[in-house]
Protein chains: 2
Amino acid sequence: MGITERKEREKESRKESIIDAAQKVFFDKGLLLSTMDEIAEQAELAKGTLYLYYHSKEDLYLAVMMRGLSLLHGMLRRVIGSHGSFVATLLQLSDTYTQFYEEHKNYFRMMHFFETPQFHKQVSEEMHRSCDSVTQELWNMVIEELRQGTVQQMVRSDLSPVEITIVLWSNATTLLMRIDAQYDLWKETMDIDLKHTLRLSTQLLIESILTEKGKDELHRILNTRNR
Amino acid sequence: MGITERKEREKESRKESIIDAAQKVFFDKGLLLSTMDEIAEQAELAKGTLYLYYHSKEDLYLAVMMRGLSLLHGMLRRVIGSHGSFVATLLQLSDTYTQFYEEHKNYFRMMHFFETPQFHKQVSEEMHRSCDSVTQELWNMVIEELRQGTVQQMVRSDLSPVEITIVLWSNATTLLMRIDAQYDLWKETMDIDLKHTLRLSTQLLIESILTEKGKDELHRILNTRNR
DNA sequence: GGTACGAATGACTTGCGGTCAGTGACTACA
DNA sequence: TGTAGTCACTGACCGCAAGTCATTCGTACC
């Protein structure tokens, strides 16, 4: 009796195809200008059907966002899984985040909706927990890598790996957001290349958290790169 | 014939009293959950009247936000105007921003609405320019102070004062936002005090942008403080 | 062929941002 | 003092979009 299972699969694929449709519309118009009617039309379903699968427009938005989160998670995991030296991995994690922004701006933008609590009053408890847990997993992975850095005496032992992760991550995020929203502004009014600013701040922070041993490694890598 | 002038004054005070009302409601409920009907009631005016003074709900929101911006501007200007040593001033600027957050969280939250372009499609060109110019003024003030640091050879001459300002400001902002939204979360799940993390990252960054001379000054000040 | 049941529908309700024809208080002038 | 003109103000109304639910439809099972 595979009917229940088939139904289950169909339900799952329906959920996915709704996300497909929602993604198209959200990418195109953003949260505010997208309408459920438009998403329904794109999905070739009636509006009411959308609500059988997602509690609200915002839930649907987050469902799309979680695809981006998974994508980023995968990209970072591959970097960590490649088992390069700690410092090299750290630099690669940073580059990978930038790469994620460059290649998946739409997902990147969505992720900051979740970080701005005042804009999602309509999110279901369930979806909220779901996002929290995926986010937490991603953080834990990066934090664990930083812990390795401490163990290997590449990272200053007087600094908490968790705090360092927060600082590095926050720095990259906020500058990427600024690049996204204000790159031309700063270029034109101040002749500032925000991408350079991001590299600069990352380098300043990384240098300041490394031990002497770590710094040696860092400069060795940077020299090799520039050759 | 002072009638025109009186009318002018009355118009101005009406605008202010509308902002007063809007502020109460927005502080209480945030942008999304506040309604123009509620603001009108609070202002003891008909809804239509609000639109004689502000083009949209979002314009009104930004009008309130600009009060916060002016407040912050004033606080920072006083610090810079006190003409302490460069490093001391830099530390104070940082503390003042934190203080602004602590004492005026509502304004702080509003300010990040303006930084998130995807959420304001309804803002009039006029209000947008107005916000931009006030923001620009605030930035310029801080950037100018950093330039002084370079001139006084307290700040590394190989770093652009503008870029440093962007990095320090962004770092503080993003961590204050995190404190606002996730302080308890990090405290409970990771035993991390984000306020400490903010101080840490600020110190790491400041140290990394100072010259040897600047660092001497910094440590002199920190030692005096801790005594 | 009939029945049970979940999936899907779309007309409808609700709520809010924004509009505009109408009102009346105040001003200017004869 | 009477009258025409101005303008701040009003609130009923409009359009739109999120979300609902009584009804219909398709399929499995008897």
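Values in this document were obtained by computation on a predicted structure and should not be read as measured data. Note: hydrogens, waters and symmetry copies are ignored here, and every other heavy atom, side chains too, is used. Every chain is numbered from 1 and lettered A, B, ... according to where its sequence line falls, protein lines coming before strand lines.
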Item to complete: Can you sort out the partners of M66(A) under side-chain contact (heavy atoms from CB on, under 4.5 Å), two or more places apart, ordered by chain and number?
Response: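 M66(A): side-chain contact (heavy atoms from CB on, under 4.5 Å) contacts with M127(A), S130(A), C131(A), V134(A).
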Worksheet item: salt bridge (Lys or Arg N to Asp or Glu O under 4.0 Å) with E58(A): which residues, sequence neighbours excluded?
Response: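 Applying salt bridge (Lys or Arg N to Asp or Glu O under 4.0 Å) to E58(A) gives none.
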Item to complete: Please list, chain by chain and in numerical order, all residues satisfying salt bridge (Lys or Arg N to Asp or Glu O under 4.0 Å) with D28(A), sequence neighbours excluded.
Response: none
Who pairs with [X] by ring-ring contact (aromatic ring centres under 6.0 Å, His included), at least two apart in sequence or on another chain?
| X | value |
| --- | --- |
| W169(B) | Y97(B), W139(B) |
| H128(A) | F114(A), H120(A) |
| Y51(B) | none |

Fill in: Within residues 38-46 of chain A: residues closer than 4.0 Å to DNA chain C (heavy atoms)
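Listed by number, they are L45(A), A46(A).
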Practice prompt. For the residue pair Q42(B) and E38(B), confirm or rule out a side-chain donor-acceptor distance under 3.5 Å.
Written response: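 No, no side-chain donor-acceptor contact under 3.5 Å.
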Please state how far atom [atom1] in [X] lies from atom [atom2] in [N], giving the value in whole angstrom units.
| X | N | atom1 | atom2 | answer |
| --- | --- | --- | --- | --- |
| K11(A) | dA8(C) | NZ | P | 9 Å |
| I18(B) | dA8(D) | CD1 | C1' | 11 Å |
| L60(B) | dG18(C) | CG | P | 10 Å |
| K15(B) | dC9(D) | NZ | C1' | 17 Å |

Worksheet entry | Residue pairs fulfilling salt bridge (Lys or Arg N to Asp or Glu O under 4.0 Å) with at least one residue in residues 164-175 of chain B, sequence neighbours excluded | none
Fill in: Sequence-aligned protein contact record of nucleotides 13-21 of chain D, with B where the base is within under 4.0 Å of a protein heavy atom and S where only the sugar-phosphate is
----SBBB-
Worksheet item: For Y54(B), which contact category applies under a 4.0 Å heavy-atom criterion: base, sugar-phosphate, or nothing?
Response: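 Nothing: the residue Y54(B), judged by heavy atoms under 4.0 Å, touches no strand.
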